[in-house]
Amino acid sequence: IGKNTFVCRHSTSLLSLAKGQRFSRQLQQGQGLLMDFGRDKRVVLDMLFVFHPLDNVWIGTNQRVAGVRQHVHPFLPYLRGPSARFVLELRAGEADGIRIGDRVTSKLLKKNTP
């Protein structure tokens, strides 16, 4: 994303999407979790049983950033973002400089989008 590079786990199954970062260790700098919801839609997230703050980046099928929410607090019960196919969860502070409309380049996104 822009000049930022992240190494991500890819999450597509219903169980792994529901788990997200729950009960997980804090992500290391440069690491992330890319959740693929299969199509652009309004995704509702929560931070229940996530013990550290995160940055969330919503990415559309068009491989552009649709939304960014930084420093999301642990145990937040409800977090709604814009319509997007992917949500990238990062360690808090990692999304600094990422803006709506930024192009996301990834072999994984290209492989999974038309």
Look at the side chain of Arg42 and the backbone N and O of Gly81, then say whether any donor-acceptor pair between them is shorter than 3.5 Å. yes

When you look at CZ of Phe51, are more than 12 heavy atoms from neighbouring residues, nucleotides or ligands closer to it than 6.0 Å? yes

What are the two closest non-hydrogen atoms of Pro82 and Ala66, and how far apart are they? CG-O, 3.3 Å

How far apart are the C-alpha atoms of Met35 and Leu45, what are their side-chain angles, what is the distance that settles it, and do they pass the side-chain contact (heavy atoms from CB on, under 4.5 Å) test? CA-CA 11 Å; Met35 298 183 290; Leu45 303 173; 4.0 Å; yes

Heavy-atom pair of closest approach, residues Leu48 and Pro77: CD2-CA, 4.2 Å

Supply the atom-to-atom distance Arg39 CZ to Arg85 CZ, rounded to the nearest 0.5 angstrom. 10.5 Å

Side chain to side chain contact (heavy atoms under 4.5 Å, CB included) with Ile98: which of Val57, Val104, Leu88? Val57

Quick check: does any side chain N or O of Asp102 sit under 3.5 Å from a backbone N or O of Val65, one acting as donor and the other as acceptor? no

Is any side-chain heavy atom of Arg91 closer than 4.5 Å to a side-chain heavy atom of Gln31? no

Check: Phe86 main-chain N/O paired with Asp36 side-chain donor or acceptor under 3.5 Å: no

If you look at every heavy atom in Glu94 and Gln29, which pair is closest and at what distance? OE2-CG, 2.8 Å

What residues, two or more places apart in sequence or in another chain, satisfy side-chain contact (heavy atoms from CB on, under 4.5 Å) together with Gln70? Asp55, Val68, Ala95, Asp96

Please round to the nearest 0.5 Å and tell me the distance separating atom CG of Leu90 and atom CG of Leu34. 9.5 Å

Check this for me: His71, atom NE2, are more than 12 non-hydrogen atoms of other residues, nucleotides or ligands nearer than 6.0 Å? yes

What distance separates Ile100 CD1 from Arg64 CZ, expressed to the nearest 0.5 Å? 13.0 Å

Quick one, Asn62 with Asp40, criterion side-chain contact (heavy atoms from CB on, under 4.5 Å). Give me CA distance, side-chain angles, the key distance, then yes/no. CA-CA 9 Å; Asn62 64 358; Asp40 282 344; 5.9 Å; no

Looking only at heavy atoms, what is the nearest atom pair of Trp58 and Arg80, with distance? CZ2-C, 4.4 Å

Kindly write out the residues that satisfy salt bridge (Lys or Arg N to Asp or Glu O under 4.0 Å) with Asp46, not counting sequence neighbours, or none if the list is empty. Arg22

